[in-house]
Amino acid sequence: ASIKPLVDLTRADMERVNQLILSKAGSDVQMIPEVANHLISSGGKRLRPMLTLAAASLFDYRGENHVKLATSVEFMHTATLLHDDVVDESDLRRGRSTARMIWGNQASVLVGDFLLGQAFRMMVEVGSLDALDVLSSAACVIAEGEVLQLSVAKNMETTEDDYLSVIRAKTAALFAAAAEVGPIVAEAGRSGRNALKSYGMNLGLAFQLVDDALDYGGKAADLGKNVGDDFREGKITLPVILAYRRGTQDERAFWRDAIEAGNSTDANLEKALGLITKYGTLSDTIGRAVHYGTIARDALAPLPDTMWKSALMEVIDFCIERVN
Ligand code: 2DE
Ligand code: MG
Ligand code: MG
Ligand code: MG
Ligand code: MG
């Protein structure tokens, strides 16, 4: 599966999104475009804005406003990444040093704030209170998800339900909002909105489940991030939750020492990977992603069969099979 159909269908609109990204990342304060463009030009997939464009086109939208909303969505995403790498103390993103390693945490947070502000300005230009509602709510939910994640960090008693609440908020909410503003701008009505919201939400859950599997099972060269970052941070993700549940007394003691006491040495990462392999928890994590992928697929099923729909369907499998 590939995102090529989506890329091809949205190519013309994405050129306009990319222009708008560059112009709205501009400022007389030189450090702003410097920091923003470092991340913006680092070759992200631009998946979320493409979802917005495709979701609008799926409902025959002919205007201009989807380009602004797609740009808003990408700016929200970029702002979350700038902040995320500060919160996670990450050194590497998309194969580059993170902005915080080059310009520091303060600049990263503040430029993220700038981009978030610009995103909301563009939403106001569009003038849809419904779109503003969906995207501003997503911003709150994303922050709530990160705070919830913080409050369960290093706690091995975190349940799979807790974990799902975290990823639904920190990741899936933006996918859901990105998809839902398509039918909103196209004035498609409730059932269209709900279908795309459900598609985005479940696609986002699948996306983050795969992200969390890749953090243990991926290759740094593919990922553009370091393998084992989540382990070193003491982040409780599904591969770990399942291995802990299934572990022997000794293995469970190992996890508590590694995660709760913060003993995340390279040797312990190797041991953690051994247990994850022993209990097959990466394939079970991917299995959960497949499950949510199916729900995403079913959400679109009732809609007319168009090239837009089939491109969005293919994105589901792409997100599950991806290596970065
Ligand atoms: C990705 O998780 C989650 C991203 C959400 C970050 C949101 C923050 C709040 P990961 P990777 C920090 C800021 C909210 C705003 C600006 C509305 O697994 O593996 O850490 O890519 O992602 O680092
Ligand atoms: Mg992170
Ligand atoms: Mg994070
Ligand atoms: Mg991650
Ligand atoms: Mg991470």
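Both ligands and their constituent atoms are indexed starting at 1 by order of listing. Each residue takes its place number in the sequence, starting with 1.
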How is the N/O/S atom of Asp88 that comes nearest to the Mg ion (ligand 2) named? OD2
Which is the closest N/O/S atom of Asp84 when seen from the Mg ion (ligand 2)? OD2
Just checking: Glu146, one of its N/O/S atoms, less than 2.8 Å away from the Mg ion (ligand 3), yes or no? no
Are Ile295 and Phe207 in one and the same hydrophobic cluster, where Ile, Leu, Val, Met, Phe, Trp and Tyr link if side-chain heavy atoms are under 4.5 Å apart? no
Plane angle bin for Phe231 and Phe254 - parallel if under 30°, tilted between 30 and 60°, otherwise perpendicular: parallel
Just wondering, more than 12 heavy atoms not from Ile102 lying within 6.0 Å of its CD1? yes
Here the N/O/S atom of Asp211 closest to the Mg ion (ligand 4) would be OD2
In short, salt bridge (charged side-chain N to carboxylate O under 4.0 Å, His left out) pairs touching residues 128-157 with sequence neighbours left out are Asp130-Arg193
